[in-house]
Amino acid sequence: MRFGGGAAATDVNLLLVLALFGIVALIIFLPRRVAIAPVLWAMIMVPLDQVIVLGGVHFTIMRIAIVVALARWFRPSGGGPGNPPLKFNSIDALFAAFALTHMFAFSLQYMTGGAVVEAVGTMLDQLGGYLVFRALVRTREDILQLVRVFGVITIALAAFMLNEQITHVNLFMLSAADHGRVAVREGKFRSQGPFEVYLTAGNFGATLLPLFAWWWTKARSRVLVGASIAAGIIVLVTSNSSTPDLSGLAAIGALCLWPLREKMYMFRRGIVAGLVGLQLVMKAPVWAIIGRVDLTGSSSSYHRYMLVDNFIRHFSDWWLIGYKSYNTWGWDMWDLSNQYVAFGLTGGLLTLILFIVILTRCFSRVGIERKKAERTRGDAWFYWCLGATLFSHVVAFFGMSYFDQVQCEFYALVAVIAASAYSRNRPVTGKPVSRLKKEWQAAPAAAPEPLPVSRSLFN
């Protein structure tokens, strides 16, 4: 049995094994842009309980896809029309530092071989998953292809989650102990598809809505885009969870602020001033507001408030390398349903700071590129949609931790933002390759920039 529990032997469906050979072959032999599809399907649509155990090491289908894709496509050199060289920047350095710091801190907490294996596996999911998307997504055409594949996956996911609402059976979990029975709370069925829990499933659809909004302005035919948007909403609604509802509202609200994009500094200052004012007048700390959020009538908001409250009050326990006995802080404190708390407790203060710096650096990059692109409304809208997507994730982090396939969507977003400055000079176009080659050769190089760096069962 692996560190922390899990399968002691290989547990994978025979049909999935056959499909795995096909996925590996597609990743190896397909062109880079087309290979995005099998990579995403393997990383998202296969449950994590389908695992191959070799020498006590667990290889999920997601990890196998990451290793194969890295071996095939991770090339720092190269270049050409439609295939620019892979160049690294400050976001890449920050993400690498974050993943490695998290790995070392977690290993030092437990000081056992099993913990080291677990930490290395988590690092492979984090840094490996991120580097796969950095290697595959280099131009604006690549980004559009990535969003298209996300759209098709969302449509398929919506169909399965709708089926769960009708039949009350999850076809992805038939081999589980409960034979695929759909979770129910307060009489509402909570669909989850191939994801580990309904929270992450709903959040997957909710946080993709801004990217689909950008795709709508670029698609030649809007049938697939419209179906993807409808599917994202279906995935959000059928999960019947407050956190995906909040992240979806945050995504839509951010898109609606587009006309006020030049006045966002007032919005940010207003939020800070409001929080300071609430702290002064409230009897409880300002983070107690988390306990008042309930959009479904069956939320565990108070648990989230207590988790954050204990996290702050026990700062001395976890700041150095994290803390492994947080379950002793109170009832159900084992459930790290907050991404910021999860990284602090499993990786210490430095890991948490690096994670927050990644978020702020991404927002900064999106803002800078959006201002540069104001002369062409299409490009400016693209960066605004990236910022709206990132904002929806930031909101979701207050109500869940990304421990399953949904983390791949977030890594893809950060990779797109990291590559966005380079892709800015190469917009989506239908021009012939010969003309593209001339434009690519004549395009100015991007300006250099300074280099700086668990689980939840509640909604």
Side-chain angles (χ1 to χ4, degrees), residues 23 34 36-48 61-62 65 129 133 136-137 142-166 170-172 182 190-219 221-241 243-252 254-255 382 385-386 388-393 395-396 400 402 404-416:
I23 289 172
V34 184
I36 292 175
V39 170
L40 274 182
W41 277 89
M43 295 174 79
I44 294 173
M45 292 301 288
V46 180
L48 294 185
I61 305 304
M62 180 173 71
F133 292 112
L136 292 175
V137 181
D142 296 338
I143 296 171
L144 187 58
Q145 172 69 359
L146 178 74
V147 177
R148 286 195 196 103
V149 177
F150 270 131
V152 176
I153 289 175
T154 306
I155 293 172
L157 181 61
F160 281 108
M161 293 178 70
L162 271 177
N163 179 72
E164 291 178 41
Q165 292 293 312
I166 297 171
N170 186 346
L171 297 177
F172 289 97
V182 178
R190 299 185 164 193
S191 304
Q192 67 185 68
F195 291 82
E196 294 288 282
V197 71
Y198 37 79
L199 277 172
T200 52
N203 195 65
F204 178 82
T207 51
L208 283 172
L209 292 176
L211 292 180
F212 294 159
W214 168 70
W215 182 21
W216 178 271
T217 64
K218 295 296 180 182
S221 173
R222 291 177 174 174
V223 175
L224 182 59
V225 188
S228 299
I229 294 174
I233 296 174
I234 290 172
V235 169
L236 164 64
V237 172
T238 55
S239 69
N240 279 313
S241 305
T243 300
D245 290 346
L246 283 173
S247 59
L249 289 174
I252 296 172
L255 291 177
F382 164 69
C385 291
L386 284 183
T389 306
L390 183 60
F391 179 65
S392 66
H393 283 287
V395 171
M400 70 174 74
Y402 284 18
D404 64 4
Q405 301 98 304
V406 74
Q407 62 186 306
C408 299
E409 180 199 346
F410 176 68
Y411 301 152
L413 174 65
V414 177
V416 166

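Keep in mind that the numbers below use all heavy atoms, side chains included, and drop hydrogens, waters and symmetry copies.
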Donor-acceptor under 3.5 Å ([X] side chain, [Y] main chain):
{"X": "Glu164", "Y": "Gln192", "result": "yes"}
{"X": "Asp404", "Y": "Glu196", "result": "yes"}
{"X": "Arg190", "Y": "Asn240", "result": "yes"}

If I take atom [atom1] from residue [X] and atom [atom2] from residue [Y], how far apart are they, to the nearest 0.5 angstrom?
{"X": "Phe204", "Y": "Ser247", "atom1": "CZ", "atom2": "OG", "result": "12.5 Å"}
{"X": "Leu144", "Y": "Leu211", "atom1": "CG", "atom2": "CG", "result": "11.0 Å"}
{"X": "Asn163", "Y": "Leu171", "atom1": "CG", "atom2": "CG", "result": "5.0 Å"}
{"X": "Gln405", "Y": "Ile61", "atom1": "CD", "atom2": "CD1", "result": "11.5 Å"}
{"X": "Glu409", "Y": "Thr207", "atom1": "CD", "atom2": "OG1", "result": "3.0 Å"}

Set of residues satisfying side chain to side chain contact (heavy atoms under 4.5 Å, CB included) with respect to [X], sequence neighbours excluded:
{"X": "Leu162", "answer": "Ile234, Thr238"}
{"X": "Leu236", "answer": "Ala206, Pro244, Asp245"}
{"X": "Leu413", "answer": "Leu386, Thr389, Leu390, His393, Ile417"}

In the structure I gave you, are the side-chain heavy atoms of [X] and [Y] within less than 4.5 Å of one another anywhere?
{"X": "Leu136", "Y": "Val39", "answer": "yes"}
{"X": "Ile23", "Y": "Trp41", "answer": "no"}
{"X": "Tyr198", "Y": "Val182", "answer": "no"}
{"X": "Pro194", "Y": "Leu157", "answer": "yes"}
{"X": "Phe133", "Y": "Val416", "answer": "no"}
{"X": "Met45", "Y": "Phe172", "answer": "yes"}
{"X": "Phe382", "Y": "Thr217", "answer": "no"}

Evaluate Gln407 against Met43 for side-chain contact (heavy atoms from CB on, under 4.5 Å), listing each step before the verdict. CA-CA 10 Å; Gln407 62 186 306; Met43 295 174 79; over 6 Å; no
Which atom pair, heavy atoms only, marks the closest approach of [X] to [Y]?
{"X": "Gly193", "Y": "Met161", "answer": "N-CG, 4.0 Å"}
{"X": "Val152", "Y": "Ser228", "answer": "N-OG, 4.4 Å"}
{"X": "Met400", "Y": "Asn203", "answer": "CE-CB, 3.6 Å"}
{"X": "Ile36", "Y": "Gln145", "answer": "CD1-CG, 4.1 Å"}
{"X": "Ser392", "Y": "Ala251", "answer": "CB-CB, 3.8 Å"}
{"X": "Trp215", "Y": "Arg148", "answer": "CZ2-CG, 3.6 Å"}

Would you sort out whether Cys385 and Leu255 count as a side-chain contact (heavy atoms from CB on, under 4.5 Å), showing the intermediate values? CA-CA 7 Å; Cys385 291; Leu255 291 177; 3.9 Å; yes
What is the ring orientation for Phe410 with Tyr402, classed by angle as parallel under 30°, tilted 30 to 60°, or perpendicular over 60°? perpendicular
